[in-house]
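First comes the structure, then the notes that go with it.
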Amino acid sequence: MLLFGKQRNQQIEIQRLLTKIINAHCPALHAVRGGPRGEVRVNLTLPVIVMPQVGREPAADQAFVTVTKEVSSNGLSLVLTERINSDKVFLIMKLENELKYARAEIKHQNPLGAGLYQAGVQLIEIIAPGDYPQMMGMTI
């Protein structure tokens, strides 16, 4: 009987820990605490190629691949291993087996923990792949 009670207590402690993790990181709960957001955000993980904008051109030599954390109707959040040193970026995303190209503005960059950052990105315009030849040939 003692073993059963000890296992039950361990299970309760595990549930408490996991519930605390969920409560601390659930976007739906954050929205309730801070009031409703102006737009609906969807938790969605998609691979994205990011290129900082230097002048008016994409810096293809500084391109890196990352993933989204959330997507909304006018922007998305990116998970980063380091801050982006540019206010504007070019993005390449794959949608229905077709690459889509966009220019975007970084609205904020916040630490997520464990050395990761989240960048809130607002899309400015959809661009044609031929507009910037240095973006051609990049694939996800």
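The first residue of the sequence shown is numbered 1, and numbering continues consecutively from there.
- Remark: D87 CG is loosely packed, at most 12 non-hydrogen atoms of other residues, nucleotides or ligands lying under 6.0 Å away.
- Here the options are M135, E125, M138, M93, the test is side-chain contact (heavy atoms from CB on, under 4.5 Å), and the partner is Y101; only M135 passes.
- Atom CZ of F64 and atom CG of L78 lie 7.0 Å apart (nearest 0.5 Å).
- In this structure, V48 and I92 have side chains that are not in contact, with every pair of non-hydrogen atoms separated by 4.5 Å or more.
- In this structure, the separation between NZ on K94 and CD1 on I49 is 10.0 Å, given to the nearest 0.5 Å.
- The CG atom of L116 sits 7.5 Å away from the OG1 atom of T81 when rounded to the nearest 0.5 Å.
- M136 and M51 are assigned to two separate hydrophobic clusters, defined by single-linkage of ILVMFWY side chains at heavy-atom distances under 4.5 Å.
- Between L91 atom CG and L123 atom CG the span is 6.0 Å, to the nearest 0.5 Å.
- The side-chain heavy atoms of I84 and Y117, taken from C-beta on, include no pair separated by under 4.5 Å.
- We find the CD-OG distance between Q109 and S77 to be 12.0 Å, quoted to the nearest 0.5 Å.
- Looking at every heavy atom in both residues, V121 comes nearest to A104 through CG1-CB, 3.2 Å.
- Residues V50 and V54 fall into different hydrophobic clusters, defined by Ile, Leu, Val, Met, Phe, Trp and Tyr side chains chained together at heavy-atom separations under 4.5 Å.
- Summarising the geometry of L44 relative to T68, their closest heavy-atom pair is O-OG1, 2.6 Å, with the distance given to 0.1 Å.
- Note that CD of Q53 and CD of Q62 are 12.0 Å apart. Values are rounded to the nearest 0.5 Å.
- A 4.5 Å side-chain heavy-atom check between Y132 and R103 finds at least one atom pair inside the cut-off.
- Here the closest non-hydrogen pair linking Q134 and P58 is NE2-CD, 3.3 Å.
- Of all non-hydrogen atoms in A119 and I106, the two that sit nearest each other are CB-CG2, 4.5 Å.
- The neighbour count for D61 CG, taken as heavy atoms of other residues, nucleotides or ligands under 6.0 Å away, is above 12.
- No more than 12 heavy atoms of other residues, nucleotides or ligands sit less than 6.0 Å from atom CD of E82.
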